[in-house]
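Predicted model only: the values in this text are computed from it and were never measured.
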Amino acid sequence: MTEASVPDNSLDYLVIGAGPAGLQLGHFLHEAGRDYLILEAGESPGRFFRTFPRHRTLISINKKHTGWDDPELNLRMDWNSLLSDDPELLFTRYSDRYFPAADDLVRYLGDFARARGLRVSYGSRVVRVERPEQPGPFLVTAEDGTTYEAARVIVATGVTKPNIPPIPGIETADTYADASTDPADYVGQRVLIIGKGNSGFETADNLIETAAVIHVAGPHSLRMAWRTHYVGHLRAINNGLLDTYQLKSQNALLDGDVRRVERQADGTYLVTVAFARADEVTKDIPYDRVIVCTGFRFDASIFAADCRPETVIGGRFPALTPAYESVGVPDLYFAGTLTQSRDFRRGTSGFIHGFRYGARALHRIMESRYHDVSWPARELPADPAALAAAVVERINRTSALWQQFGLLADMIVLDGAGGARYLEEVPFDLQGPPVGDRGHFAITLEYGPHHDAYDPFDIEVGRIAQSDAARAHEGHYLHPVVRHHFPGEPVAAHHITENLENEWDSAEVHVEPLRAFFARRTAPVPR
């Protein structure tokens, strides 16, 4: 490193971004007494949420009245709170609304950062990340010229760059980020919205009372969150346009590819659409306005070539290992919505109620790797009844496995001497936790493998009998799965039958079959 590039600050951990993920990770680093700093481009936390969503209503639920006294259970219904041991720092204290206002989240994030005493440098936009020596520390430069040396960098900036599809002429259209949100600006107009996600339908619903015609276009069939269980698919709060389409009120969904957007001399548009349902028959359709609502993507422009992370999913997200580390760039980690490549369009890593647990897992990984701190665990006897009791107690109250279904797992590690250790919330496919001579058990909550192929409101399809433990593996709805990973043997899986109220405590239906599974898998004779 040259004298001119000697850093102004040297740190063990540098977090880029003071949104919910950066603050969450900062909280864990702070509580552990680590040497860290959070760099934030804005003048306060949560800058993204000062603008988005554009119509200022979150789709992350805020259910205050659950009937439960258990704070862990309540986090299943609280999708906005960050994790801490302070009951005053729950988002449910900031809004009574089930779908709260984005401004309330901004206020909450600011209070969280102050109350936890997090070390945040505001007005510090990062313009370059490089790694002059391989291996070696990162050199991070802010817009004001301040440089930082960091042994590890954690990027928690979110997806900040508009994801614009390569359609000729699309640059002449408005985007979700800059289109007017005043319905009066669209009176009597024909409007095309490109994109069938929540931002597109949020935009469409806002114009129902004023626009003459609203078309929402996209190449794929519409996917409803209540069917797929992916909360990023279309939510009921944003689907008002569907009524107007199916009840023939001038609005419509266009299933097909937008091939061209042509701006006319008078400011209107002529848009070429190839319809998927009509063997790609194309049609030129006139519109007064075109709005592009096709989401966002990771902006990797700050990274020098010597540490530029690989990307996946059309370059939209960084490629990650199960440890949330960049593939190919050691010691470069990601937190928050940038981690959704781990469960893209399946799980919850793109949302606060998912990635808050991912941030906790990441912190535990770094504690283990860099500070020789073992993963938190409790000891218990390797007795089948004791193992079953420990699992049932956890699955009936855990919020982490509930929210990060199929991604995080509790693990029971057998020591071969009559004892076991119970580890909570380990990334399911993480290599590293000791498995012992007797293998280990992984406990997850999961939907059935083909759950989105069934209409959950079709009573003819229905669900399996919730008292039929022998058919638990056929369940479509969220239910616990316990797998035994034993060296040299196929993985053995035990499904616990789904339950309407998600209470898996029936001695006959839930506990005894699980105890019997543990008895078989811990027996000293071949199974």
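Distance CG/L105 to CZ/F91: 5.5 Å, rounded to 0.5 Å. D205 CG to I237 CD1: the interatomic distance, rounded to the nearest 0.5 Å, is 9.0 Å. Taken from CG in L445 to CH2 in W402, the straight-line distance is 7.5 Å, to the nearest 0.5 Å.
For the residue pair S60 and N80, a side-chain donor N or O sits within less than 3.5 Å of a side-chain acceptor on the partner. Defined by atom type and a distance below 3.5 Å, a donor-acceptor pair is present between the side-chain atoms of T228 and H233. Inspection of the Y94 and D111 side chains reveals an N or O donor paired with an N or O acceptor under 3.5 Å.
The side chain to side chain donor-acceptor pair (under 3.5 Å) test with K64 singles out one residue from T92, D96, D78, N74, and that residue is D96. Among I395, V392, V481, the one residue that satisfies the side-chain contact (heavy atoms from CB on, under 4.5 Å) test with I496 is I395.
Ion pair E367/R364 not flagged as a salt bridge, since none of the NZ, NE, NH1 or NH2 atoms sits closer than 4.0 Å to an Asp/Glu carboxylate oxygen. Here R421 does not pair with D415 in a salt bridge; the nearest charged N to carboxylate O distance is not below 4.0 Å. For R47 and E40, the salt-bridge test passes: some basic side-chain N is under 4.0 Å from an acidic carboxylate O. Between D452 and R223 a salt bridge is recorded (basic side-chain N to carboxylate O distance below 4.0 Å). Under a 4.0 Å N-O distance rule, the pair R56/D104 does not qualify as a salt bridge.
A 4.5 Å side-chain heavy-atom check between Y477 and H451 finds every atom pair outside the cut-off. Side-chain contact between P53 and I59 is absent, with no heavy-atom pair separated by less than 4.5 Å. Counting heavy atoms from C-beta outward, Y357 and T398 have side chains that stay 4.5 Å or more apart.
For F296, the ring pair (Phe, Tyr, Trp, His ring centres under 6.0 Å) test picks out F48, F52, with sequence neighbours left out. The salt bridge (charged side-chain N to carboxylate O under 4.0 Å, His left out) check on E424 picks up R378, R394, with sequence neighbours excluded.
When atom types are taken as modelled, the side chain of E425 and the backbone of A361 share no donor-acceptor pair closer than 3.5 angstrom. The closest donor-acceptor contact from the side chain of S121 to the backbone of S124 lies at 3.5 Å or more, if one exists at all. Formation of a donor-acceptor pair under 3.5 Å by the D70 side chain with backbone atoms of R397 is not found in this model. Although no hydrogens or angles enter the test, the distance criterion places no donor-acceptor pair under 3.5 Å between the side chain of T337 and the main chain of G158. Looking at N198, its side chain does come within 3.5 Å of a backbone N or O of R235 through a donor-acceptor pair. A donor-acceptor pair under 3.5 Å is absent between the side-chain atoms of N163 and the main chain of R297, judged by distance alone. Counting only distance, with no hydrogens or angles, the side chain of W79 and the backbone of I352 share no donor-acceptor pair below 3.5 Å. Formation of a donor-acceptor pair under 3.5 Å by the Y108 side chain with backbone atoms of S81 is not found in this model. Between the side chain of T348 and the backbone N or O of Q403, at least one donor-acceptor pair lies under 3.5 Å. Put simply, the side chain of W68 never gets that close to the backbone of H65: no donor and acceptor are under 3.5 Å apart.
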May I have the step-by-step check of side-chain hydrogen bond (donor to acceptor under 3.5 Å, both in side chains) for S44 and R50, ending in yes or no? CA-CA 10 Å; S44 60; R50 292 184 179 278; 2.6 Å; yes
Start with the C-alpha distance between E489 and R521, add both sets of side-chain angles, then the distance that settles salt bridge (Lys or Arg N to Asp or Glu O under 4.0 Å), and finish with yes or no. CA-CA 11 Å; E489 292 187 6; R521 300 307 301 179; 3.0 Å; yes
Begin from the C-alpha positions of K196 and L234 and carry the test side chain to side chain contact (heavy atoms under 4.5 Å, CB included) through to its verdict. CA-CA 8 Å; K196 288 182 177 177; L234 183 58; over 6 Å; no
Apply side chain to side chain contact (heavy atoms under 4.5 Å, CB included) to residues L109 and L82 and explain how you reach the verdict. CA-CA 9 Å; L109 295 175; L82 300 182; 4.1 Å; yes
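Here the closest heavy-atom approach between residue L362 and residue Y333 is recorded as CD1-CD2, 3.5 Å. When every heavy atom of F138 is checked against every heavy atom of P330, the shortest pair comes out as CZ-O, 3.6 Å. For the residue pair C307 and V129, the shortest heavy atom distance occurs at SG-O, 3.3 Å.
For residues 308-327, the pairs satisfying side chain to side chain donor-acceptor pair (under 3.5 Å) are E325-R369, with sequence neighbours left out.
Between H494 and F517, the ring-plane angle classifies as parallel under the 30° and 60° cut-offs.
Taking the centre and axis of the six-membered ring of Y13, the NZ or CZ atom of R152 falls inside the cone set by 45° and 6.0 Å.
More than 12 heavy atoms of other residues, nucleotides or ligands sit less than 6.0 Å from atom CZ of R119.
Taking the six-membered ring for Trp and the full ring otherwise, the centers of F298 and F334 sit less than 6.0 Å from each other.
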